[in-house]
Amino acid sequence: MNVPMLDLKAQYGPLREKIRSAMDEVCDAQYFILGPTVTAFEAETAAYCGSAEAVGVSSGSDALIISLMALGIGPGDAVITTPFTFFATVGAIERCGATPVFADIDPVTFNINPSAIAELLAHWPDRFAGLTPRAIIPVHLYGQCADMDAIMGLAKQHDLAVIEDGAQAIGSEYPSVDGPRRAGSMGTTGCFSFFPSKNLGGFGDGGLVTTQNAELAERLRQMRNHGMNPRYYHKMVGGNFRLDALQAAVLSVKLRHLDDWHAGRRSNAAYYTSAFADTPVETPAMVYADSSVDQPHIFNQFIIRVPKRDAVKAHLVAEGIGCDIYYPLSLHQQECFAGLGYSAGDFPEAERAAGEVLALPIYPELTDDMQAHVVQSVLAAI
Ligand SMILES: *Cc1c(COP(=O)(O)O)cnc(C)c1O
């Protein structure tokens, strides 16, 4: 039995007519750039994320870049983030001319460890003289929020902005001191991606920035359109970071199904978790599951840790099972970041994770038979 890592055709089938008619409306209107379809989608996603404002942009990567640009972060500034994330998080910091400063992860959640951030800030001038810390980018990796209360506390204490990288976590909830809050509603901005493999995926690239700050939202809206306001008058240099109306039309249809898909992923996660209990396979911890939150994890990825990970992966691939490694090399060890001066051993938990993690298929349309086959194959491999 073949089990793909992701089966987008299975998701598209039942929605085909609705999506095609939404796309047809855009074609009939011939209004392709921003406009009413994008504005409507922004209002829906702002409400969904529990944020006052949402600004549709061209990708998750651009959501990060435009957030940094709108906050005026650039050369001489430092941005604290995790070394264990998709490249774009750190690429955005470099693209703005700022300097990424890494803090190691919590081995249970794989998210940035607030005590590592506190440690950095406590000894800042010794190590980073000449750099001003301006922001923290926590990543809600795999679909579970980073420890935002602790991060927001540190940010407040040190006057830092917080840019949530929620690309893998739209709708994921965190039990904050103020009650349950969704990813992207807590920081200065929240960044989302509609890359097709995310839980809310478009028919191409797309992204979103959320914020509770109306003034910042206005700045983001101008910046995504070359800093233009009014037309052909430019008070600032932005870029072309616009979301297409066709993507917004598709995403609006899909948004109505998102919570059902999240629930399907959580139910598949529960299946794996009980099937791997009392085996050497380490399954992910849902650290917020005991509190009042409805969506403690959205499982964009289901990540196990296994001994001899590469051999297990090879076995699964040979059995026709899709699986992948997110991510095989911590970012402080990437060739392009050699100039930052880090070396092996600097972030032991990120490095250990890079050697042990394996993502199994978790998409909502997976059947019990398929999951049973995945479990059998993993157990046979070890
Ligand atoms: C996917 C992703 C991004 C980038 O999103 P794109 O839309 O592909 O540019 C950024 N950060 C994280 C953590 C991601 O998973």
Side-chain angles (χ1 to χ4, degrees), residues 5-6 8 41 45 49 54-69 79-96 100 102-103 105-106 109-112 135-146 148 151 162-172 183-184 187 189-210 224 239-244 246-248 250-251 254 262 265 284 297-303 324-331 334 336-337 350 353-354 357 359 362-363:
M5 184 63 185
L6 181 64
L8 288 173
F41 174 66
T45 43
C49 294
V55 180
V57 295
S58 32
S59 69
S61 304
D62 287 343
L64 291 159
I65 290 175
I66 200 175
S67 291
L68 291 162
M69 287 174 73
V79 179
I80 298 169
T81 193
T82 164
F84 194 62
T85 173
F86 177 56
F87 175 83
T89 315
V90 181
I93 300 168
E94 288 267 342
R95 285 279 308 277
C96 292
F102 294 120
I105 58 167
D106 172 336
T109 62
F110 301 96
N111 284 324
I112 195 166
I136 304 171
I137 307 187
V139 179
H140 306 317
L141 200 69
Y142 306 140
Q144 179 167 249
C145 287
M148 288 302 290
I151 292 166
V162 175
I163 298 168
E164 295 177 62
D165 184 340
Q168 300 181 7
I170 190 164
S172 186
T189 69
C191 299
F192 295 97
S193 163
F194 306 123
F195 186 81
S197 69
K198 310 290 177 171
N199 285 32
L200 180 59
F203 284 8
D205 282 307
L208 187 87
V209 185
T210 52
R224 77 173 161 186
N240 175 356
F241 298 122
R242 299 176 301 239
L243 178 66
D244 290 338
L246 273 170
Q247 296 303 337
V250 172
L251 291 163
K254 287 192 168 196
H262 289 337
R265 286 169 181 263
H297 204 315
I298 64 154
F299 288 104
N300 180 242
Q301 301 298 346
F302 185 88
I303 300 294
D324 221 327
I325 297 168
Y326 308 110
Y327 299 89
L329 185 63
S330 180
L331 293 175
Q334 298 286 348
C336 66
F337 296 136
V357 295
I362 190 69
Y363 62 91

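None of the values given here were measured: they were computed from a predicted structure. Note that ligands are numbered from 1 as they come in the structure, with each ligand's atoms numbered from 1 the same way.
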Can you name the atoms of ligand 1, numbered from 1 with element, that are less than 4.0 Å from a heavy atom of [X]?
| X | value |
| --- | --- |
| A88 | 4 (C), 10 (C) |
| T89 | 11 (N) |
| A167 | 2 (C), 3 (C), 10 (C), 11 (N), 12 (C), 14 (C), 15 (O) |
| V139 | 13 (C) |
| S59 | 7 (O), 9 (O) |

Using a 4.0 Å heavy-atom cut-off, say whether S61 meets ligand 1 through its side chain, its backbone, both or neither.
both

Heavy atom under 4.0 Å from ligand 1: found in T85's side chain, backbone, both, or neither?
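Under 4.0 Å from ligand 1, T85 contributes side-chain atoms alone.
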
Any idea which protein heavy atom is nearest atom 13 (C) of ligand 1, and the distance to it?
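Nearest protein contact, heavy atoms only, for atom 13 (C) of ligand 1 is D165 OD2, 3.5 Å.
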
Nearest non-hydrogen protein atom, atom 14 (C) of ligand 1:
K198 NZ, 3.0 Å

Can you find an N/O atom of S193 closer than 3.5 Å to an N/O atom of ligand 1?
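N/O-N/O distance below 3.5 Å exists for this pair.
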
Considering both backbone and side-chain atoms of L141, is one of its nitrogen or oxygen atoms within less than 3.5 Å of a nitrogen or oxygen in ligand 1?
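By distance alone, the answer is no.
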
Just by modelled atom types, is the [Y] backbone N or O under 3.5 Å from a matching donor or acceptor in the [X] side chain?
| X | Y | result |
| --- | --- | --- |
| T45 | F41 | yes |
| S172 | A183 | no |
| Q168 | N300 | no |

In a table with atom names and distances, give each donor-acceptor pair under 3.5 Å that connects a side chain of residues 189-197 to protein atoms at least two apart or in another chain.
unit_1, atom_1, unit_2, atom_2, d
T189, OG1, S67, OG, 3.0
S193, OG, F195, N, 3.1

Could you report the tightest heavy-atom contact between F86 and L331, atom names first, then the distance?
O-CD1, 4.1 Å

Contacts of type ring pair (Phe, Tyr, Trp, His ring centres under 6.0 Å), residue H262, not counting sequence neighbours:
none

In a check of ring pair (Phe, Tyr, Trp, His ring centres under 6.0 Å) between Y142 and each of F110, Y326, F302, which one passes?
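By the ring pair (Phe, Tyr, Trp, His ring centres under 6.0 Å) criterion, Y142 pairs with just one of F110, Y326, F302: F110.
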
For V209, the option from I163, I66, L64 that meets side-chain contact (heavy atoms from CB on, under 4.5 Å)
I66

Among F195, F194, F192, which residue places a heavy atom closest to atom 8 (O) of ligand 1?
F195

